[in-house]
Amino acid sequence: MDIYQHFRKEEQPFIDQVLSWQEEVGRSYQSKLTDFLDPREQFIFESLLGNHPDFTWKLYGGAEGSERKRGLLAPYYEQIQPEQFDLTLLEASYPAKFVTLTHPDVLGAFMSLGIKRKKLGDLIVHDGVVQIIVASEIADYVRMNLEGIKKATVHFQEIPFDRLLEDNEQWEELDTTVSSLRLDTLIKEIYRMSRQKASVFIEKGQVKVNFRIVEDASFKLEAGDMISIRGKGRSKLIEVLGTTKKDKYKVIISRLK
């Protein structure tokens, strides 16, 4: 059976990567730790490995509800422990009365250091505190080099994971119907804008599906896909429930408040 037929064409390189990890662990009998995976990559990782009798695996990002997680693939006889994921929690404070920091501000500051996104886990910005989960191999580099975000001076220090703040994101769910599962159609419904305006956002490269820019308005979405529009926030197509008598799709969508 062709594995690729169950996934999108643009996902084939990551599928090949997972299969190569599996081959490597099977040949060397040594565990393989991945970089941070986004939710779609985690889904593919989990789908490909499943209940394979020769391997054991786990995804972990510092907390049960973490969005970005590292994967660990090991021979079936190993017992995977949290400390094997090599995660470090860094924290810094900033004067919230004088400076407003957002998730993109913090992410941009880290990326400006030349750090690849796959080395960064979840980010939390809340009430004058910034926390970020990073791959342990870059923790010291971040601490020594990231000294400012926007107009705020920051000093990151390593802290234990029992001090990890809860993510205060709130999502609002909606049951609705749409004429198709095209990207421009879903954006029109979720963000309450015209289909023409939705197409403009897409054509300008301001729309991401599963953390990757998509510039095709006719791109077909599937259950579980995450959408983000620059300046408009994130949303999800949670489930496709079927069609109505008028051939419209019944869907459950969710948008970050």
[atom1] ([X]) with more than 12 external heavy atoms under 6.0 Å:
X    : atom1 : value
Q79  : CD    : no
E137 : CD    : yes
Y77  : OH    : yes
K119 : NZ    : yes
K116 : NZ    : no

Hey, quick one: are [X] and [Y] part of the same hydrophobic cluster, counting side-chain heavy atoms closer than 4.5 Å, chains of contacts allowed?
X    : Y    : answer
Y191 : W171 : no
V134 : L107 : yes
F36  : F43  : no

I'd like to know if [X] and [Y] make a salt bridge, using a cut-off of under 4.0 Å between side-chain N and carboxylate O.
X    : Y    : value
K204 : E215 : no
R8   : D225 : yes
E173 : R255 : no
E67  : R234 : yes
R182 : D184 : yes
D38  : R68  : no

Sequence neighbours left out, what passes side-chain hydrogen bond (donor to acceptor under 3.5 Å, both in side chains) with T153? Give chain and number order.
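Partners of T153 under the side-chain hydrogen bond (donor to acceptor under 3.5 Å, both in side chains) test: none.
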Output the distance between atom CH2 (W21) and atom OG (S31), rounded to the nearest 0.5 Å.
13.0 Å
Could you give the side-chain donor-acceptor pairs of residues 51-61 under 3.5 Å, partners two or more places apart or in another chain?
residue : atom : partner : partner atom : Å
H52     : ND1  : D54     : N            : 3.0
W57     : NE1  : G50     : O            : 2.9
Y60     : OH   : G62     : O            : 3.1

Under 4.5 Å between any side-chain heavy atoms of K150 and L101, yes or no?
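Of all side-chain heavy-atom pairs linking L101 with K150, at least one is under 4.5 Å.
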With the side chain counted from C-beta on, respond yes when Y249 and T177 share a heavy-atom pair under 4.5 Å apart, and no when they do not.
no
Compute the ring centroids of F110 and F156, then answer whether they are less than 6.0 Å apart.
yes
Regarding S20 and Q17, do their side chains bring together a donor and an acceptor under 3.5 Å, going by distance alone?
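The criterion, which ignores hydrogens and geometry beyond distance, is satisfied for Q17 and S20.
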Just by distance, do the side chain of R212 and the backbone of N210 share a donor-acceptor pair under 3.5 Å?
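Yes.
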